[in-house]
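These values consider heavy atoms only, across backbone and side chains, with no hydrogens, waters or symmetry-generated copies.
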Amino acid sequence: MKKITRRQALGIGAGASVALGLSACSSSSAPTPAAGASGASGAPGASGAPLSIPTGGIDEVYEGRRIQITLGAPGHHGMPVPNIKIDGKELHLMGNADGSWVTVVNHYESFPDPIAAARAAIRDLQGAELAPFTLPKEAPQL
């Protein structure tokens, strides 16, 4: 009778663990963006779900920095893009196709809503001033 080796036992155990992990990941549902609160604008976000920005906008102080968020003009595909200002300076915000948001301060991390993106930008700035984000008027000639 052939005995199983340690290497084979570990391989079988690792394979079973991976299979269980993948099945758990595929069976769990992905989180959905928060629906608008009472008095919310109801304007669709990047995924078509309503943004959770009240009609008057958001004006709060977070870690000593002032965050102001209002709904701007419709951007791509006719969806309004939130305007975010930190201490009066604009924070560029981009919507992802899955309904999440990214900023120029931390563009490798996605956030569920614009206020979470603004708060993360403040944490990442660590007290530094927000540099203005301006596009060049002319594309550089190569």
Side-chain angles (χ1 to χ4, degrees), residues 3-142:
K3 289 186 176 182
I4 188 168
T5 65
R6 261 188 257 163
R7 181 177 287 175
Q8 291 170 332
L10 286 172
I12 292 169
S17 296
V18 169
L20 284 173
L22 289 176
S23 66
C25 288
S26 64
S27 66
S28 67
S29 61
T32 57
S38 64
S41 64
S47 66
L51 286 175
S52 58
I53 298 177
T55 52
I58 295 173
D59 192 352
E60 73 173 35
V61 176
Y62 179 75
E63 292 188 5
R65 309 287 292 268
R66 185 175 184 192
I67 300 173
Q68 296 171 302
I69 303 177
T70 57
L71 281 178
H76 296 292
H77 307 290
M79 292 182 261
V81 177
N83 292 325
I84 299 179
K85 290 187 178 184
I86 296 176
D87 295 334
K89 295 181 181 173
E90 185 177 2
L91 173 68
H92 187 68
L93 181 75
M94 299 157 281
N96 293 327
D98 65 352
S100 61
W101 300 88
V102 295
T103 66
V104 295
V105 174
N106 42 16
H107 54 274
Y108 291 116
E109 187 176 358
S110 297
F111 300 95
D113 54 20
I115 191 70
R119 290 174 180 159
I122 287 174
R123 286 190 303 270
D124 287 349
L125 286 170
Q126 299 177 359
E129 290 293 317
L130 185 63
F133 181 76
T134 56
L135 295 174
K137 295 186 184 202
E138 277 188 34
Q141 299 296 322
L142 299 175

| task | Evaluate the criterion side chain to side chain contact (heavy atoms under 4.5 Å, CB included) for residue pair Leu91 and Leu130; output intermediate values, then yes/no. | result | CA-CA 8 Å; Leu91 173 68; Leu130 185 63; 3.9 Å; yes
| request: Starting from the C-alpha separation in whole Å, work towards a yes-or-no answer on side chain to side chain contact (heavy atoms under 4.5 Å, CB included) for Met94 and Val104. | output: CA-CA 8 Å; Met94 299 157 281; Val104 295; 4.2 Å; yes
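Salt bridge Glu60/Arg65: absent, no basic N to carboxylate O contact under 4.0 Å. No salt bridge links Arg123 with Glu63; every basic N to acidic carboxylate O contact stays at or beyond 4.0 Å. For the pair Asp87 and Arg66, the salt-bridge criterion is not met [side-chain N within less than 4.0 Å of a carboxylate O].
Pro82 and Trp101 get closest at one heavy-atom pair: CD-CH2, 3.7 Å. When all heavy atoms are compared, the tightest approach of Leu93 to Ala117 is CD1-CB, 3.9 Å.
In this structure, CG on Leu125 lies 8.5 Å from CD on Glu129, to the nearest 0.5 angstrom. A distance of 14.0 Å separates CD1 in Ile67 from NZ in Lys85, rounded to the nearest 0.5 Å. We find the CD1-CD1 distance between Ile58 and Ile84 to be 8.5 Å, quoted to the nearest 0.5 Å.
No side-chain donor-acceptor contact under 3.5 Å links Asn106 to the backbone of Glu109. Between the Asp98 side chain and the Ser100 main chain, a donor and an acceptor come within less than 3.5 Å of each other.
Within the 4.5 Å cutoff, the side chain of Ile86 has heavy atoms near those of the Ile122 side chain.
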